[in-house]
Structures are given as structure tokens and as C-alpha cells.
Protein chains: 2
Amino acid sequence: MYICPMYSSELIKGTLKTIVLKLLSETKQMYGYEITQKVKAVTESKIVITEGALYPLLHQLEAEGVVTTETVNVGKRIRKYYTLTQTGNEKAKEKLYEFAEFINTMNILLDLKPNMKYV
Amino acid sequence: MYICPMYSSELIKGTLKTIVLKLLSETKQMYGYEITQKVKAVTESKIVITEGALYPLLHQLEAEGVVTTETVNVGKRIRKYYTLTQTGNEKAKEKLYEFAEFINTMNILLDLKPNMKYV
DNA sequence: GCATATACATAATAAACTTATGTATATTTG
DNA sequence: CAAATATACATAAGTTTATTATGTATATGC
């Protein structure tokens, strides 16, 4: 059957925050570019995060106290590492739970069956 | 555990077209208000479609040749019934398949397990 | 009779993303 | 070794898509 090269952005919209918070809750410290590459790798380029979407979100999360940052020099370049705060950890759990529930509701509404590969 | 009263609109964004096409592929003929009520009922108000989102989408689908319409008088009020065209049926299948694949990808990315209730 | 429900429609606004642009260093490859 | 690609940040302009508000009108329940 036909394999999507990449999901329509309309479908991905709104999941970015959930993805970022989940990755940060697993890996503790990540920098922006690393997040884009990890998502691309894990999803086999089916979900690609653009910089124009990611950086403003990370700045927003910092302003909200969800993450703290640490800037590190790597050679002559800089990296800005992001770490979840305590609030951020709770927020991550909430967003993940909400997404899982959302999928369950959509499965019912669209009459889909869960994929057995991960059972 | 805490049950969402309603999913964040940010999460629902982008799924509207998939929902509408799926419902129309099941029920053949539906009118706008009926779609809003069906979604509300099936999702126990966890997904609520607003008129300001639905009607412009239905008009767009009609303009694209995805649906045809038939206006019916019910008493002194009107109902505008929507029916999928052949193109619409294919579009519905595509969108459903894409959504199912998207969920699989998100399950991997977010390390979620499918809900066993529907197995 | 008044509130709520049914049933359509659209305009103004807001949110969130895409695309484009900008800066700069590091590495790979022909 | 020059050019292309990759790494790494940032932001502005424009688009899309939804929310909120408004508008019209009939039907029903209390």
C-alpha cells in the first residue's frame, strides 16, 4: 500500500508542543537542532519540524517557565540546551495523557483499530 | 485519573476534514448541524465542532468537487444535505489512511501503547 | 412568553504554522 | 580546495485554519 512521504502539515499542527515536551522528558537536555533531527530520524522524515515553528515555541516555553536554558559553546558555534522545570515535567505528563486520550476518542469516532505491532 | 472535559483546540486542529469525510463516507447524506451533533454525541463533548469551522469547510469541499449538496425543506426551515462524490470517497479513504499512519508514527515517537479496549 | 434547540451563513480576530531571510561555523565531496 | 551541505541559532512576513461574534429565522419545551 501507498506510504506517506510526509503527513500533511494540517494534521501535524498542534502536536508540536506535545512532541517537544515528551522528548525533553526523556532526554533531560536537548538543543533545538537536536530536536528537529531526532523527530526526523524517529519518524523517517514523515514528521519534520521546521525551525520557524520550533524556536518560537521553545522561547515561549521558556517565558512560561516550562523550560530553562543553558548556552554552551561548541567550537565557535553555540548550542542552547533546554531542560524541563518541575512545572515542565507536569506539563509534559498532562500533554501526553491528553494526546493519548485524544487518540482513543478519534479511534472511536473514526472507527479505527489500534495497530497491534506495539502490543 | 483526570478526564479531559474537552481536548485543546490546538490538538483538534487539522482533524476536522478527516472527521467530516469519514462521517460522510459512513452515512452517505448528512447536513451540517447533524455532523456537529454526531461528533459531540460520539465523543461525549470532548470534540465539539463549531459552525464557524464547519460551514466554511463544507463550502470548500463543495467547491473542490468532493461533495455535492441537496437542499431540503423541513417545515419552513432548510437543510443542506452533503453527499460525497466519487472523488470524495477516494479522498475520504486517503485521509483516513493518512490519519491511521499518523497515529502509528506518533505512537512510536511518543512511546505510547495502543488502547486494548477495542481489540 | 422566553429560553433553548435547530439550521443556515459570514466577518473579524487570533493562533500556529510555513516560507523566506539572515547570520555564522563546520564538514563533506567532487 | 571550492562548493555544497550540514550544523545552529533567530525572526519577520505571509498563509491557513480555527475561534468568537454576529446575523437571520423557525421550532420546541416549560
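Computed from a predicted model, the values in this text were never measured in an experiment. Proteins come first, then strands; the chains are lettered A, B, ... in the order of their sequence lines, and each starts at number 1.
Checking Tyr7(A) against Thr105(B) by side-chain atom types alone, a donor-acceptor pair falls below 3.5 Å. Of the N and O atoms on the side chains of Ser8(B) and Glu98(A), at least one donor lies less than 3.5 Å from an acceptor on the other residue.
Here Ile12(B) lies out of heavy-atom contact (under 4.0 Å) with every strand. At the heavy-atom level, Leu57(A) lies nowhere under 4.0 Å from the strands shown. Within 4.0 Å of Gly52(B), counting heavy atoms only, lies at least one base atom of the nucleic acid. Among the heavy atoms of the strands lying under 4.0 Å from Arg77(A) is at least one base atom, whether or not backbone atoms are also near.
Atom P of nucleotide dA5(C) and atom NZ of Lys76(B) are separated by 23 Å, given to the nearest angstrom. Rounded to a whole Å, the CD1 atom of Ile49(A) is 10 Å from the P atom of dC17(C). Between Tyr55(A) atom OH and dA8(D) atom P there is a gap of 9 Å when expressed in whole angstrom units. Distance, Glu51(B) CD to dA25(D) C1': 13 Å, rounded to whole Å. Atom CD in Gln60(B) sits roughly 14 Å away from atom P in dT10(C) (whole-Å rounding). Separating the CG atom of Leu11(A) from the P atom of dC17(C) is a distance of 13 Å, rounded to the nearest angstrom. Note: NZ (Lys17(A)) to P (dA15(C)) measures 12 Å, nearest angstrom. At whole-Å resolution of the value, CZ in Arg79(A) and C1' in dA24(C) are 15 Å apart.
Note on Lys80(A): a side-chain N or O is less than 4.0 Å away from OP1 or OP2 of dA10(D). Regarding contacts with the backbone of dC17(C), every side-chain N or O of Ser9(A) stays at 4.0 angstrom or more from both OP1 and OP2. In this model, the phosphate group of dA5(C) is not approached by any side-chain N or O of Tyr33(B) to a distance below 4.0 Å at OP1 or OP2. Close to dC9(D), at under 4.0 Å from its OP1 or OP2, lies no side-chain N or O of His59(A).
Judged by distance alone with a 3.5 Å cut-off, no donor-acceptor contact links the side chain of Glu10(A) to the base of dC17(C).
Of the inter-residue distances, the one linking Leu110(A) atom CG with Ile103(A) atom CD1 reads 11.5 Å to the nearest 0.5 angstrom.
The residue among Ile78(A) and Pro56(A) whose nearest nucleotide of DNA chain D lies closer to the 5′ end is Ile78(A).
By the 4.5 Å heavy-atom criterion applied to side chains, Met106(B) and Leu112(B) are not counted as neighbours.
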- Item | From CA spacing to verdict: side chain to side chain contact (heavy atoms under 4.5 Å, CB included), Lys80(B), Glu70(B) | CA-CA 6 Å; Lys80(B) 205 163 161 186; Glu70(B) 194 187 339; over 6 Å; no
